[in-house]
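This report refers to the structure that appears directly beneath it.
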Protein chains: 2
Amino acid sequence: MTHEIDLNLKLWVVLSRTYHAVAAHAQADVARHGLTVAEFGILEALHHKGPMLLGEVQRKILVSSGGISYLVDRLESKGLVERRECPEDRRARYVALTPEGEALIRRIFPEHARRLAHALSGLDEDEKREAIRLLRALGKRAAELEADDAPRRAAGTSSP
Amino acid sequence: MTHEIDLNLKLWVVLSRTYHAVAAHAQADVARHGLTVAEFGILEALHHKGPMLLGEVQRKILVSSGGISYLVDRLESKGLVERRECPEDRRARYVALTPEGEALIRRIFPEHARRLAHALSGLDEDEKREAIRLLRALGKRAAELEADDAPRRAAGTSSP
DNA sequence: GCTGAAAATCTAAGTGATAAGATAACTACG
DNA sequence: CGTAGTTATCTTATCACTTAGATTTTCAGC
């Protein structure tokens, strides 16, 4: 069934192109403040949820275990977040916004949302809802399958 | 209207997560053959369209001008593609599959399509069509806007 | 035909991540 | 308790690109 193969391939291509087109806007916006999309995601998550464990943030923004250390290092060196000890588990650490980080995310978030809305203006409100529904179903399945046969994104497995 | 902001933000987050979940499958598959997704994209484009100018391939797979040189270098050193002169424009060069490249893409493409179909099995056929339609509209608009206010992806602008 | 701007590719240096493995701490079970 | 296995983070090396700018060629207008 070449017919179905084409459909899948087309979906993958258009998903990829659309993601990159939108990501370019998000990226261009946060770059104005010297941030990457991943860094912005961390600040936003902390702003929204308060202090989180490194591992929680990692799963939230989907980076590798080394990646989250690296990103938090960078944000820490910019004075935007700080690490805190976790009394219940001394392996783990919290990340929390500093006052500077809190101020920054408060300041830049509204404009970011505005630009995002602009970048996403190709669909009306109902279409957005439908797109969210379809993308959710697609992503959910893909993520489930990943757990089975694709390389894991976490770390720290030691054998013998 | 926090209500609309949330919708846009949600769409962006789910687009990003879904893209990454699906991309992980594509990546895991081509990695088995020592290729990146971008390299596979080049081979596939050449297989489908025959020899292309570097710039055409660049626009097709959405990398920077430096990136396409780098990628073609790598594929060339693997013996999968070759550069050819362009008689009509001596600045430009064609990229073409070598017999080895042709053989490789023929060999791995069907399995790639099969795995992609598996990764995309969260939607039925009609939903895929609808998703393609929505993503097209979204991506088209985002790409148009990019041309106005976001950093360009091309190269070679020299000023005084 | 010149001349200056624009286009196609390439090169060099830099960057945001990833992967693999190390370290340290927790947990469960005999 | 002690030991094996698991979990959380960090470190080091590497990588797949990007950005900026250099080079060569084309083209438009004079």
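Note on naming: letters A, B, ... go to the chains in the order of the sequence lines (proteins, then strands), and numbering restarts at 1 for each one. The basis for the numbers below is simple: all heavy atoms, side chains too, and nothing from hydrogens, waters or symmetry mates.
Rounded to an integer number of Å, the gap from B/Ile68 CD1 to C/dT11 P is 14 Å. Going from atom CZ of B/Arg84 over to atom P of C/dT9 covers 15 Å, rounded to whole Å. Separating the CD atom of A/Glu39 from the C1' atom of C/dG16 is a distance of 9 Å, rounded to the nearest angstrom. With rounding to whole Å, A/Gln27 atom CD is found 12 Å from C/dA17 atom C1'. Computed from coordinates, the A/Leu71 CG to C/dA17 C1' distance equals 8 Å when rounded to whole Å. For the pair A/Glu88 CD and D/dA8 P, the interatomic distance rounds to 14 Å; values are reported in whole Å. Here the C1' atom of nucleotide D/dC17 and the CG atom of B/Leu35 are 16 Å apart, to the nearest Å. If you measure from atom CG of B/Leu54 to atom P of C/dT9, you get 5 Å, rounded to the nearest angstrom.
Side chain of B/Val63, nearest nucleotide from D/dT18, D/dT26, C/dT9: D/dT18. Proximity note for B/Arg74 (side chain, C-beta onward) versus C/dT9, D/dA16, C/dA17: the nearest is D/dA16. Relative to the side chain of B/Ser64, the nucleotides D/dT19, D/dT25, C/dT18 differ in distance, and D/dT19 lies closest.
Residue A/Arg83 is in sugar-phosphate contact alone, with no base atom involved, counting any heavy-atom pair closer than 4.0 Å across all strands shown. As judged by a 4.0 angstrom heavy-atom cut-off over every strand, B/Thr36 is placed among residues touching the sugar-phosphate backbone only.
Among all heavy-atom pairs drawn from B/Arg136 and A/Lys10, the shortest one is NH2-CD, 3.5 Å. The minimum heavy-atom distance between B/Ile105 and B/Glu102, with the atom names listed, is CG2-O, 3.2 Å.
By the neighbour-count criterion of 12 heavy atoms within 6.0 Å, atom CZ of B/Arg32 is densely surrounded, having more than that number from other residues, nucleotides or ligands.
At a cut-off of 3.5 angstrom, the base of C/dC10 holds at least one donor-acceptor pair with the side chain of B/Ser65. Judged by distance alone with a 3.5 Å cut-off, no donor-acceptor contact links the side chain of B/Arg91 to the base of D/dT26.
For the pair A/Cys86 and B/Gly67, nearest-nucleotide mapping onto DNA chain C gives the more 5' position to B/Gly67.
A salt bridge does not link A/Glu44 to A/Lys60: none of the charged side-chain nitrogens sits closer than 4.0 Å to a carboxylate oxygen.
Aromatic ring pairs are classed by plane angle as parallel below 30°, tilted from 30° to 60° and perpendicular above 60°; the pair B/Tyr19 and A/His20 is perpendicular.
Applying the 4.0 Å criterion to OP1 and OP2 of D/dA16, one finds that B/Tyr70 has a side-chain N or O inside that range.
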